[in-house]
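Note that this is a predicted model, so its numbers are computed, not measured. Note that these values count all heavy atoms, side chains included, but never hydrogens, waters or copies made by symmetry.
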Amino acid sequence: MFSVKGLVESNDLRSVPSKYIWPTNPEDHILHKTENVPIIDFAQLISSNPSEQSMAVQKLGDACRDWGFFMLINHGMPETLRSEFLRASQSFFDLSEEEKKEYAEGNILDPINCGTSFNVTVDKKLFWRDYLKCLVHPQFQAPSKPLGFSETSEEYVTKCRELMRELLKGISKSLGLEENFIHERMNVESGSQLLVINFYPACPNPELVMGLPAHTDHGLLTLLTQNELGGLQIQHNGHWIPVNPLPNSFLINTGDHLEILTNGKIKSVIHRVLVNNKGARISVATAQGPPLEAVVSPAPELVDDDNPAAYGAITYRDYLKIQKSNELDGKSCLDRIRI
C-alpha cells in the first residue's frame with residue numbers, strides 16, 4: 001500500500017494491520033500536562049525599543065537552552081495564508097494514489113518526495129503517517145498538482161524563511177554573539193529549506209500505533225503549524241508533555257545542527273507524534289538548514305579548555321544521508337558524531 005490514507009479508505013478499516021502495531025511501554029503513556037511551553041512574542045523580538053527587545057532575546061535564549069521548543073505569537077504571518085496553505089495541503093493528499101505516485105520517493109535527496117512511514121526499507125514497524133517533502137530553497141520545488149498548490153507553498157515558505165532569519169538573529173545575540181553570526185557561519189542565505197507536510201489519518205486503535213516515534217530534527221530550526229487536531233508531544237526533563245498551540249501561533253523547535261554549532265549550549269529537542277480516532281491531523285513543518293555541502297562543526301567561539309568540541313565535523317548532506325538510511329530513534333544520529 002502506497003499510503004496509510006489509501007489503506008484506510010480502501011478497507012473500511014476496523015482494526016490495525018500488525019505491521020503498524022508498536023510495542024507498548026506503560027511509561028510512554030504518562031503525560032505531564034502541568035508544565036507550560038515557553039511563549040515568545042515575535043513583535044517584542046524585533047521591537048525598536050532596546051529594553052523590550054533585550055528582554056525578548058533573553059527569553060528566547062532561555063527557551064532554546066531549557067526547552068529547545070517554544071510557541072511564537074504576534075509573528076505577522078496572515079492567518080488567511082496559514083489557513084489557505086493547510087487547505088492546500090489537504091488537497092494534495094486528496095489526490096488519487098496514482099497522481100501522488102508521480103512524486104514517489106526515489107533518491108533521499110530528490111527535491112520532491114512523497115511516501116509513507118519514514119523509510120519503509122529500514123522501518124521495523126511502519127508509522128501511521130503519509131508525507132510530502134519538498135526542497136524549497138535555494139531553488140523552489142513543489143508539485144504542480146493540485147491547482148494553486150505550488151504558488152501558495154512558495155508564498156508560505158518565503159514568509160517562514162523571513163521569520164526564521166529573525167529568530168536566528170535573536171538566538172545569536174542570546175549566545176553573546178553578533179546578530180548575524182549563525183546566519184553567516186551557516187550561510188543561511190544560500191541554505192537549505194525543507195518543507196514537510198505530514199498527514200496522519202484517523203486510526204481505529206490509535207493507542208496501538210505511532211505517528212512518528214521519539215526523534216530530533218536535522219537542521220537549525222523547524223517551524224511548525226497544524227490543523228485543529230493535536231498529537232505533538234515533546235520530551236522535557238524526562239517527561240512527555242503534550243503541546244496545545246495557541247490560536248494562530250507557530251511551534252518552533254531547535255535542530256541537531258544548532259546543537260552541533262553551539263557545541264551543546266542549545267540542545268535539539270526530542271519529540272514524537274501520536275494519532276487519534278477523531279479525524280486526520282495535518283502538520284506542516286519547514287526546516288531551515290545550511291547548504292547541503294556546508295561542513296558543520298562546533299563554532300570556535302563556543303569552544304575552550306573548559307568546553308572542548310563535543311561533536312565532529314560533518315557535511316549537512318552526509319548527515320541527512322545517515323538519518324534517512326537508519327531508523328528514527330531519539331538522538332541516535334547525533335550520537336554518531338559525538339566526540
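- Side-chain contact between Gln226 and Ile282 is absent, with no heavy-atom pair separated by less than 4.5 Å.
- Taking the charged nitrogens against the carboxylate oxygens, Glu259 and Arg338 do have a contact shorter than 4.0 Å, which makes a salt bridge.
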task = For the pair Leu258 and Ile182, evaluate side-chain contact (heavy atoms from CB on, under 4.5 Å) and give the outcome as yes or no after the intermediate values.
result = CA-CA 9 Å; Leu258 193 58; Ile182 296 174; 3.9 Å; yes
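- Of the possible donor and acceptor atoms, none in the side chain of Ser297 sits under 3.5 Å from a partner among the backbone N and O of Gly312.
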Margin query: What verdict does the side chain to side chain donor-acceptor pair (under 3.5 Å) test give for Asn307 and Asn263, after you've listed the backbone C-alpha separation in whole Å, the side-chain angles of each residue and the deciding distance to 0.1 Å?
Written below: CA-CA 8 Å; Asn307 300 282; Asn263 200 33; 5.8 Å; no
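- Summarising the geometry of Val57 relative to Gly170, their closest heavy-atom pair is CG1-O, 3.6 Å, with the distance given to 0.1 Å.
- Here the closest non-hydrogen pair linking Arg161 and Val136 is NH1-O, 4.2 Å.
- Of all the heavy atoms in Glu52 and Ser47, the pair that sits closest is OE1-OG, 2.7 Å.
- In terms of hydrophobic clustering, with Ile, Leu, Val, Met, Phe, Trp and Tyr side chains grouped at heavy-atom distances under 4.5 Å, Leu163 and Leu81 are assigned to a common cluster.
- Counting non-hydrogen atoms of other residues, nucleotides and ligands closer than 6.0 Å to NZ of Lys159 gives a total of 12 or fewer.
- With a 6.0 Å radius and a threshold of 12 heavy atoms from other residues, nucleotides or ligands, Glu79 has its CD atom above the threshold.
- Taking 4.5 Å as the limit, every side-chain heavy atom of Phe69 sits out of range of all side-chain heavy atoms of His236.
- Around CD1 of Ile339, the count of heavy atoms belonging to other residues, nucleotides or ligands within 6.0 Å exceeds 12.
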Practice problem: Tell me, with the steps shown, if Ile234 and Asn253 meet side-chain contact (heavy atoms from CB on, under 4.5 Å). | Solution: CA-CA 10 Å; Ile234 63 169; Asn253 67 264; over 6 Å; no
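- Neither Leu194 nor Ile260 shares a network with the other; the hydrophobic side chains, linked directly or stepwise wherever heavy atoms of I, L, V, M, F, W or Y lie under 4.5 Å apart, form separate groups for each.
- The main-chain N or O of Phe149 is never found under 3.5 Å from a side-chain atom of Thr152 such that the two would form a donor-acceptor pair.
- Note that SG of Cys114 and CZ of Phe92 are 4.0 Å apart. Values are rounded to the nearest 0.5 Å.
- Criterion: ILVMFWY side-chain heavy atoms under 4.5 Å apart, direct or through other members. Under it, Tyr200 and Val196 are not part of a common hydrophobic cluster.
- Residues Val273 and Arg129 have side chains not in contact (no heavy-atom distance under 4.5 Å, counting atoms from C-beta outward).
- Counting only distance, with no hydrogens or angles, the side chain of His257 and the backbone of Gly219 share a donor-acceptor pair below 3.5 Å.
- Proximity of Val157 to Phe140: side-chain heavy atoms (C-beta onward) are separated by under 4.5 Å at one or more points.
- A donor-acceptor pair is defined here as one N or O able to donate and one able to accept, closer than 3.5 Å; no such pair exists between the side chain of His271 and the backbone of Gln235.
- Centroid-to-centroid, the aromatic rings of His218 and Tyr319 stay 6.0 Å apart or farther.
- Judged purely by atom type and a 3.5 angstrom limit, Asn205 has no side-chain atom pairing as donor or acceptor with the backbone of Ser15.
- For the pair Ile266/Arg65, a side-chain contact is recorded, criterion being any heavy-atom separation below 4.5 Å from C-beta on.
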(request) Would you please test Leu195 and Phe85 for side-chain contact (heavy atoms from CB on, under 4.5 Å) and show each step? (result) CA-CA 12 Å; Leu195 170 68; Phe85 188 52; 3.9 Å; yes
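- Under the side-chain contact (heavy atoms from CB on, under 4.5 Å) criterion, Leu246 pairs with Ile39, Met71, Ile73, Ser249, not counting sequence neighbours.
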> Which is it for Asp62 and Lys59 under the salt bridge (charged side-chain N to carboxylate O under 4.0 Å, His left out) test, yes or no, and what are the steps along the way?
Replying inline: CA-CA 5 Å; Asp62 290 344; Lys59 284 183 66 176; over 6 Å; no
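- Tested against Tyr103, the residues Asp110, Asn113, Ile112 include a single side chain to side chain contact (heavy atoms under 4.5 Å, CB included) partner, Ile112.
- A heavy-atom distance below 4.5 Å is not found between the side chains of Ser283 and Leu232.
- Residues Gly230 and Asn276 share a closest heavy-atom pair of O-ND2, 4.4 Å.
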Candidate pair Glu84 and Tyr156, rule side chain to side chain donor-acceptor pair (under 3.5 Å), full reasoning
CA-CA 9 Å; Glu84 184 182 354; Tyr156 177 81; over 6 Å; no
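- A donor-acceptor contact shorter than 3.5 Å is absent between the side chain of Ser54 and the backbone of Pro50.
- Screening Phe93, Tyr131, Trp128 against Phe199 for a side chain to side chain contact (heavy atoms under 4.5 Å, CB included) leaves a single residue, Phe93.
- Salt-bridge annotation for Glu162 and Arg165: absent, with no side-chain N of the basic residue lying under 4.0 Å from a carboxylate O of the acidic one.
- Shortest non-hydrogen contact noted between Cys134 and Ala142 is SG-CA, 4.2 Å.
- With hydrogens and angles ignored, the 3.5 Å screen pairs a side-chain donor or acceptor of Arg281 with a backbone N or O of Leu229.
- Thr116 has its side chain out of reach of Leu126: every pair of non-hydrogen atoms, C-beta onward, lies at least 4.5 Å apart.
- Dense packing is recorded around CD of Glu301, with more than 12 heavy atoms of other residues, nucleotides or ligands lying under 6.0 Å away.
- Two residues are said to be in side-chain contact when any heavy atoms from C-beta on lie closer than 4.5 Å; Glu9 and Glu97 fail this criterion.
- The heavy-atom pair separating Ser190 from Pro291 by the smallest distance is O-CG, 3.7 Å.
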* Does the side-chain contact (heavy atoms from CB on, under 4.5 Å) test come out yes or no for Lys125 and Met210, once each step is laid out? -> CA-CA 9 Å; Lys125 292 290 184 179; Met210 187 66 72; over 6 Å; no
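- Relative ring orientation between Phe250 and His75 is described as tilted, the plane-to-plane angle lying within the 30° to 60° band.
- For the pair Gln53 (side chain) and Leu45 (backbone), a donor-acceptor distance under 3.5 Å is present.
- Partners of Glu102 by salt bridge (charged side-chain N to carboxylate O under 4.0 Å, His left out), not counting sequence neighbours, listed by chain and number: Lys145.
- Placement of Met55 and Leu167 in two distinct hydrophobic clusters is found when ILVMFWY residues are connected by side-chain heavy-atom separations under 4.5 Å, directly or transitively.
- Between the side chain of Asn227 and the backbone N or O of Ala280, at least one donor-acceptor pair lies under 3.5 Å.
- Linking ILVMFWY residues whenever their side-chain heavy atoms come closer than 4.5 Å, directly or via other members, places Ile21 and Val4 in the same cluster.
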